[in-house]
Amino acid sequence: MKLTPGAVITEPGSTTRYQTNGWRTFRPAVDSGKCTGCGLCWLYCPDAVISRGKPPGVDYRYCKGCGICANECPAKAITMVPEERG
Amino acid sequence: MVARVMSGNEVVAYGVKLSRAEIVPSYPITPQTTIVEQIAEFIANGEMRAELMRVESEYAAMGACIGASLMGARTFTATSSQGLAFMHELTHWAAGSRLPIVMAVVNRAMAPPWNIWADQQDVLSQRDTGWLSLFCETNQEVLDTCIQAFRISEDREVLLPVMFSLDGFMLSHTSEPVELPKQGDVDGFLPESRRPPLLDVDHPTTLFNVPVPEQYMEFRHWIEKSMDAARRVIPKADREFKRRFGRGYRGMLEPYWLEGAEVALLTAGSVCGTVRDVVESLRKRGEKVGMIKLRSFRPFPSEELRRACEGLRVLGVADRACSFGMGGIIFSDVSAALQPLNVRVLGFIAGLGGRDITHRDIWRMFKRCIRAIEVTPARAIEWFV
Ligand code: SF4
Ligand code: SF4
């Protein structure tokens with residue numbers, strides 16, 4: 001990548017080339033039986049990697065495993081599972 | 001050209017108006033001075049087309065400066081002491097983002113204990129942020145440096161923010177006659193800034209990115225290279241200014257009466273005027289003394305300083321600030337720069353918190369330096385308390 005003064009990136013959307021899944025130690029696993037489809041996980045995911053649905057879809061190329069979705073889910077439908085077992 | 005009697009604060013406001021700054025984010029409460037008040041008046045009277053943006057703190061002021069400068073606007077702010085310290089994280093941010101912001105710093109002491117008077121601890125504590133840092137001796141120089149600062153900062157080879165200093169009260173609240181150039185002449189010296197905005201919804205960019213260790217160092221190296229470029233750009237801007245307006249300040253430092261001098265005193269800011277007086281009277285008595293006025297602290301004019309000091313035996317450095325545990329801040333830089341020369345460097349710390357640096361003090365500094373030609377002094381650094 002060409003470096004520019006001030007580290008400005010002029011190509012929009014290039015961040016999709018940076019897959020943040022390497023940061024993850026726990027992955028969110030959705031229990032489709034418990035999910036009510038409320039969409040709160042979709043709303044709260046700071047990386048916008050959850051797509052709406054019942055159950056929601058998680059894009060594991062970018063999910064960094066922060067666990068916010070699991071924390072916010074009112075139906076306790078999301079469990080954070082260690083990567084080595086997941 | 002018109003001459004008016006004005007305080008340093010008013011002079012800054014005129015400089016900013018003449019430079020056609022477009023946005024002035026500022027925090028209006030102490031330690032702020034009347035600089036932004038005067039700018040507000042210009043705007044209210046319709047004499048200046050700019051936006052004065054009132055914010056909730058100096059931190060926010062610098063944040064807003066960064067945003068405005070990213071929009072490509074010519075941006076100015078002013079602050080002092082604690083206010084400047086509060087900006088510190090963002091002064092790094094402004095320089096790292098390569099934004100040509102210009103800031104006036106009215107040099108005032110750091111608290112505690114509270115003190116609002118002249119002292120350069122505030123500006124010298126910003127040493128390593130990547131800002132250019134210029135000092136002024138008179139209110140006329142304040143005006144001229146303000147106009148030059150925009151040109152230097154916006155130079156494509158520099159693209160770094162510039163802070164210029166005027167000593168609290170000694171300049172900021174003291175009235176002196178100042179010649180105001182015509183708007184058209186300033187426009188000729190300082191063309192409209194035409195940087196493309198970086199914040200543009202039609203051409204989105206990603207700012208403040210995270211370069212990995214394999215990349216980060218390059219950005220820092222570029223700042224240093226731009227400082228090198230500023231070493232050429234500052235004197236060039238000053239020469240060009242002199243050509244147009246008849247006043248110049250010798251670029252980054254001014255050697256004063258160094259012909260045949262064995263001893264000189266280096267200092268920055270308003271005290272240079274007093275040193276000139278003392279040099280004159282000592283010369284009349286046959287003492288071989290001179291002065292070096294430091295105009296640019298960052299970039300530091302090491303090469304120019306070595307050239308100026310070639311014939312000297314002793315150089316005294318009067319600092320209006322201290323790096324506690326080491327000594328004068330300018331003294332340290334001077335010592336490092338003069339390391340290849342056989343010149344003894346003595347440090348004097350004086351005039352903190354608005355204490356006057358009197359003719360007598362400077363006389364004493366010169367005496368110490370003259371003595372040091374023959375006798376190694378017991379201490380290299382002395383406090384004039
Ligand atoms: S763990 Fe974090 S990043 Fe991954 S889907 Fe949940 S909220 Fe999004
Ligand atoms: S927050 Fe829980 S219940 Fe709601 S959509 Fe997400 S997984 Fe389903």
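Proteins get letters first, then strands, A, B, ... in listed order; numbering begins at 1 in each.
Taking a 6.0 Å sphere around CZ of A:R52, one finds it holds more than 12 heavy atoms contributed by other residues, nucleotides or ligands.
Contact annotation for A:T4: only backbone heavy atoms (N, CA, C, O) come within less than 4.5 Å of a heavy atom of chain B.
B:T75 and B:S69 make their closest contact through OG1-N, 3.5 Å (heavy atoms, listed as atom of the first residue, atom of the second, distance). The two atoms that bring A:P28 and A:C63 nearest to each other are CD-SG, 3.5 Å, heavy atoms only.
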side-chain contact (heavy atoms from CB on, under 4.5 Å) for B:R295 and B:L253? Distances and angles first, verdict last. CA-CA 5 Å; B:R295 183 160 179 256; B:L253 59 76; 5.6 Å; no
Step-by-step side-chain contact (heavy atoms from CB on, under 4.5 Å) determination, A:N21 to A:Y60: CA-CA 7 Å; A:N21 59 4; A:Y60 288 107; 5.9 Å; no
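Classification of the B:F76-B:F150 ring pair by plane angle, with boundaries at 30° and 60°, yields tilted.
Checking B:E192, B:E22, B:E154 one by one against B:R74, the side chain to side chain donor-acceptor pair (under 3.5 Å) holds for a single residue, B:E154.
Contact count against chain B (heavy-atom pairs under 4.5 Å) is highest for A:I9 among A:V8, A:T15, A:T10, A:I9. Here B:T206 is the residue among B:T205, B:T206, B:L198 with the most heavy-atom pairs under 4.5 Å with chain A.
Under the 3.5 Å distance criterion, with hydrogens and angles disregarded, a donor-acceptor pair is assigned to the side chains of B:T91 and B:Q126. Counting only N and O atoms by type, the side chains of B:E89 and B:Y59 include a donor and acceptor under 3.5 Å apart.
By a heavy-atom distance cut of under 4.5 Å, B:P211, B:Q215, B:E218, B:F219, B:W222 are the residues of residues 210-241 of chain B near chain A, going up by number. The contact list for residues 34-45 of chain A toward chain B, using heavy atoms and a distance under 4.5 Å, is empty.
At distances below 3.5 Å, at least one donor-acceptor pair connects side-chain atoms of B:R151 with backbone N or O atoms of B:F189. Judged by distance alone, with hydrogens and angles left aside, the side-chain atoms of B:R98 form a donor-acceptor pair with the main-chain N or O of B:L159 at under 3.5 Å.
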